[in-house]
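Here is the structure we will look at.
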Protein chains: 2
Amino acid sequence: MSCLPRLSQSLRARGYRVTPQRLAILEALHHDGHLSPAQVYERVRQTGMTEATVYRTLEFLRANGIVFAAQREGGRLTYELAGASHHHLVCRACGAQVDLEAAAFQELIASLEQQSGYRLEASHLTLFGLCPACQKDSKAQA
Amino acid sequence: MSCLPRLSQSLRARGYRVTPQRLAILEALHHDGHLSPAQVYERVRQTGMTEATVYRTLEFLRANGIVFAAQREGGRLTYELAGASHHHLVCRACGAQVDLEAAAFQELIASLEQQSGYRLEASHLTLFGLCPACQKDSKAQA
DNA sequence: ATTCTTATTGATAATTTTTGCAATAAGGAA
DNA sequence: TTCCTTATTGCAAAAATTATCAATAAGAAT
Ligand SMILES: [Mn+2]
Ligand SMILES: [Mn+2]
Ligand SMILES: [Zn+2]
Ligand SMILES: [Zn+2]
């Protein structure tokens with residue numbers, strides 16, 4: 001809760017405006033994360049805001065580092081409040097998700113930056129695979 | 001060129017059919033890779049095939065390991081023929097893309113699999129960042 | 001070659017996401 | 001408070017993507 005005033009400040013300082021729409025979306029994401037645009041819309045439609053505004057606002061918040069966007073199966077986007085940098089493991093079979101600390105990646109990222117000359121955003125990657133339970137299942141049916 | 005007969009065999013062996021539409025799309029991707037569905041459609045529309053077929057076929061080929069799908073900016077998908085496992089660095093500013101050998105990731109992936117119990121597809125990730133040229137530009141304007 | 005099964009396609013509609021533009025309202029200045 | 005500037009929204013249309021379903025055709029069997 002104490003983060004909204006700070007975010008508002010930071011937005012105004014950059015010449016952007018703090019609107020009820022933006023606040024509603026931020027609160028929705030504060031309540032539960034990893035939401036698709038449609039799920040965000042469900043949670044804020046009562047305010048009368050448009051779907052177009054949801055899409056625009058999510059992209060705006062992402063571009064300004066306030067939310068993270070992560071890829072779900074098939075390239076669909078999912079959003080959550082920005083916080084400690086982390087990555088995701090998602091099970092292709094059941095969708096189970098595990099968060100990974102970003103630290104594990106730091107060494108590799110640094111090495112890639114050195115090799116390529118790129119400055120990388122090593123933030124919020126999603127790796128797909130099979131969770132332990134679904135590995136068992138796929139063996140069982142084989 | 002010699003790979004189409006082999007792919008055809010493999011598809012038929014799995015009970016799928018080899019259609020002119022699938023062949024046309026494979027040839028388009030063989031000619032140049034990293035194509036969006038729209039770009040694939042441009043290259044095959046002469047055959048009379050539908051956009052819906054392009055989307056369906058790309059997803060079909062991906063699900064069967066014949067093409068790779070990678071994420072471009074904003075979660076848009078791009079396709080290329082499956083080949084040596086590799087990853088991408090993409091510049092947020094100019095879109096420049098560099099391919100990375102998968103080997104660089106192996107160690108990290110193995111370690112993550114051990115920690116999490118997940119079996120990971122460490123294939124065809126996309127990392128975003130700024131290429132060397134665009135880093136200079138962003139300094140210049142600052 | 002003919003028949004038969006059914007995977008695949010085209011046509012169409014539905015859904016999702018993006019875009020253009022005029023009306024609105026945030027928030028700094030007077 | 002009132003006025004101004006312009007960032008932001010709503011609305012409506014466009015574009016992109018997915019789903020439905022009957023017609024088609026791949027390819028195995030005869
Ligand atoms: Mn997350
Ligand atoms: Mn590639
Ligand atoms: Zn699972
Ligand atoms: Zn660049």
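Atom set for the values below is all heavy atoms of this structure, side chains included, hydrogens, waters and symmetry mates excluded. Keep in mind the model is a prediction, meaning the values are calculated, not measured. Convention: sequence-line order gives letters A, B, ...; per-chain numbering from 1.
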Expressed as a whole number of angstroms, how long is the span from A:Y41:OH to C:dT17:P? 13 Å

Taking all non-hydrogen atoms of both residues into account, name the closest pair between A:Y118 and B:C91 and its distance. CE2-N, 3.8 Å

Atom-pair distance (CZ on B:R17; C1' on C:dC4), nearest Å: 11 Å

Take atom CZ of B:R119 as the centre, draw a 6.0 Å sphere, and report whether it contains more than 12 heavy atoms from other residues, nucleotides or ligands. no

Give every pair of a protein N or O atom and an N or O atom of nucleotides 28-30 of chain C that lie under 3.5 Å apart, one pair per line with the distance.
none

Let me check something: do B:V67 and A:F128 share a hydrophobic cluster, defined by ILVMFWY side-chain heavy atoms less than 4.5 Å apart, either directly or through other members? no

What residues from residues 52-63 of chain A pass a heavy-atom cutoff of under 4.0 Å to DNA chain C? A:A52, A:Y55, A:R56

Using OP1 and OP2 only, check whether a side-chain N or O of B:Q21 sits under 4.0 Å from C:dG10. yes

Check ring-ring contact (aromatic ring centres under 6.0 Å, His included) between B:H87 and all other residues, then give those that pass, not counting sequence neighbours. B:F105

How is A:R76 classified with respect to the nucleic acid when contacts are heavy atoms under 4.0 Å: base, sugar-phosphate, or nothing? sugar-phosphate

Flag, side chain of B:Q39 to backbone of B:T78, donor-acceptor distance under 3.5 Å: no

Salt bridge between A:E59 and A:R62, side-chain N to carboxylate O under 4.0 Å? yes

For chain A and DNA chain D, what are the first and last nucleotides along the strand, 5' to 3', with at least one atom under 4.0 angstrom from a heavy atom of the protein chain? D:dT5 to D:dT18

B:Q115: side chain to side chain donor-acceptor pair (under 3.5 Å) partners, not counting sequence neighbours: B:S111

Any donor-acceptor N or O pair under 3.5 Å, side chains A:R14, A:S10: yes

Would the distance check show the side chain of A:T19 and the main-chain N or O of A:R22 forming a donor-acceptor pair, the cut-off being under 3.5 Å? yes

Angle between terminal axes - the helix from C:dA1-D:dT30 to C:dA30-D:dT1, 5 pairs each end, rounded to 10°: 30°

From OH of A:Y79 over to C1' of C:dT16, roughly how many Å is that when rounded to an integer? 13 Å

Atom CD of residue position A:E107 - does it have more than 12 heavy atoms of other residues, nucleotides or ligands inside 6.0 Å? no

Can you tell me which residue among B:Q97, B:H88, B:H34 is in a side chain to side chain donor-acceptor pair (under 3.5 Å) with B:R72? B:Q97

Beyond-backbone contact of A:L29 with A:L58, side-chain heavy atoms, under 4.5 angstrom: yes

Does A:R92 CZ have over 12 foreign heavy atoms under 6.0 Å away? yes

